[in-house]
Number of protein chains: 2
Amino acid sequence: MSPRAGLNPDRLAAEAADLADEQGLGAVTLTALARRVGVKPPSLYAHVASNRDLRQRLTLRALEESAGRVAEAVAGRSGREAIDALGQAYRDYASAHPGRHAAMSLPLDDEVAAVGAGPRHAELARAALRGYALGEPDETHAVRLLGATVRGWTDLERAGGFARSEPDAEASWQRAVDGLDVVFGSWSRGVAGAADPAASHATSRAESQASGQGMV
Amino acid sequence: MSPRAGLNPDRLAAEAADLADEQGLGAVTLTALARRVGVKPPSLYAHVASNRDLRQRLTLRALEESAGRVAEAVAGRSGREAIDALGQAYRDYASAHPGRHAAMSLPLDDEVAAVGAGPRHAELARAALRGYALGEPDETHAVRLLGATVRGWTDLERAGGFARSEPDAEASWQRAVDGLDVVFGSWSRGVAGAADPAASHATSRAESQASGQGMV
DNA sequence: GTGACTTACCTATGCATCATAGGCAAACCC
DNA sequence: GGGTTTGCCTATGATGCATAGGTAAGTCAC
């Protein structure tokens, strides 16, 4: 078609992301991508090393994008509000960009994972939990529990696991957030099972103002 | 090679499962499977309709196998013990059979999903939670929270998310189970945040004997 | 046991995708 | 404006999915 189509790795990753959202992650193929940007498949090798390379760029892009949205959602919030906002941001991202979301779960080579936005997500969870004033190792335990819950939730929700509704997914989510808030609230006293959940709830709210921004 | 190799759909699904565990889900290809069982690729079409069909059989098989193990683990237990056993069974299965575990997350056609072991997993979670004596809709909320946590946890653990240890994954898992136990214990009183976690903990233990078996 | 049917495997073939090699012309550089 | 770089191309090969059609092993009637 056009000589000099103006391609570059970033542009290709962006197009691949759109392709994934529109037709599924499985449709992200060099041939399909080439068709989409108006070149022949071999031409793409000037910009990406392989199909795997392309998909890793897509994964990194999705990790960065979603981290940005989550950071924005969590900024200025703490305690239960922060947990809700964090999970909601992931869920919204997964819903609006299913292909990108699916790409976030793709395995990365170790060296590219290290420099990518993966660690940033763990930091965001830590930031969201800051209001509970957990010490180590509880904070790490909490990051893992929160991370697992959010990840599992978005996966199941995407897979239609909550589809045959009865209570709608939103109600269950709010209840889940309530539960996590109770747990982390009880941990902030340092002894599991020793805190009164209602009090811990209030505590996390009270600390909202002081600690809920400035992460990233 | 041999005329009449003795193939059938179940045998192929089993071989595909082993192949997935040994070389990854991505290595489950008709060509590789044919090589493994000693026939030429087109011969497999006498037993499975397509690559997609093969993978769905693999998924169903993994869902059934893991459901069996989880049922065995949860049998005779309730409360915190049941939650721990359920999650542990999934985690052990994922660790011992990474390919099968990965296959469990593959999307299924609606009609095959309906008759498969998928619903059985939800029932297992319900059974594990029986000791908390939750009513509806809390029980469904609890099933979803527990399901999301376990799924997310196994995924992250498999992906190496808890690898750079500090607190090891096992310690975090026990803490997570403690947390869920506190949450579900508080729900069993009917009002979120009104129960004393220590008491709810004791309650779920006391009910262990009466309600912890007979699921499936 | 011989012949007919059924079934499980085969070869041959076509298409899609990933990937490499090598060519040609546009863009850029002075 | 001549030389270099760069971005796209065609040609080609490997691998995997899938279909069509052939052939022989196994099964059954009698």
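The structure presented is a predicted model; accordingly, all values stated were derived computationally and were not measured. Only this structure's heavy atoms are used, side chains among them; waters, hydrogens and symmetry mates stay out. Order of the sequence lines fixes the chain letters, A, B, ..., with proteins taken first and strands second; residue numbering starts at 1 for each chain.
Between L7(A) atom CG and dA27(C) atom C1' the separation is 15 Å, expressed in whole Å. Between K40(B) atom NZ and dA18(D) atom P the separation is 19 Å, expressed in whole Å. We find that CG of L44(B) is positioned 14 Å from C1' of dT19(D), with the value rounded to whole Å. One can place CG of L33(B) at 13 Å from P of dA18(D), the figure rounded to the nearest angstrom.
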CA sep, side-chain torsions, deciding dist, call: H141(A), F162(B), ring-ring contact (aromatic ring centres under 6.0 Å, His included):
CA-CA 10 Å; H141(A) 294 324; F162(B) 303 158; over 10 Å; no

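The pair D18(A)-R100(A) meets the salt-bridge criterion, with a side-chain N (NZ, NE, NH1 or NH2) lying under 4.0 Å from an Asp/Glu carboxylate O. Using a 4.0 Å cut-off between a side-chain N of Lys or Arg and a carboxylate O of Asp or Glu, E170(A) and R91(A) qualify as a salt bridge. By the 4.0 Å N-to-carboxylate-O rule, E136(B) lies close enough to R126(B) to be salt-bridged with it. Under 4.0 Å is where a charged nitrogen must lie from a carboxylate oxygen, and between R69(B) and D92(B) no such pair does.
Using cut-offs of 30° and 60° on the angle between ring planes, the pair Y93(B) and H97(B) is tilted.
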Let me have a per-nucleotide readout for nucleotides 14-19 of chain C, 5' to 3', with B, S or -, counting only protein heavy atoms under 4.0 Å.
---SSB

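Every residue meeting the side-chain contact (heavy atoms from CB on, under 4.5 Å) condition with E64(A), not counting sequence neighbours, appears here in chain and number order: A117(A).
For the pair H47(A) and dT6(D), the criterion of a side-chain N or O lying under 4.0 Å from OP1 or OP2 is not met. Considering only side-chain N and O atoms, S43(B) lies nowhere under 4.0 angstrom from the phosphate OP1 or OP2 of dA8(C).
A donor-acceptor pair is defined here as one N or O able to donate and one able to accept, closer than 3.5 Å; no such pair exists between the side chain of S43(B) and the backbone of V39(B).
In the region residues 15-23 of chain B, proximity to DNA chain D at under 4.0 angstrom, judged on heavy atoms, holds for none of the residues.
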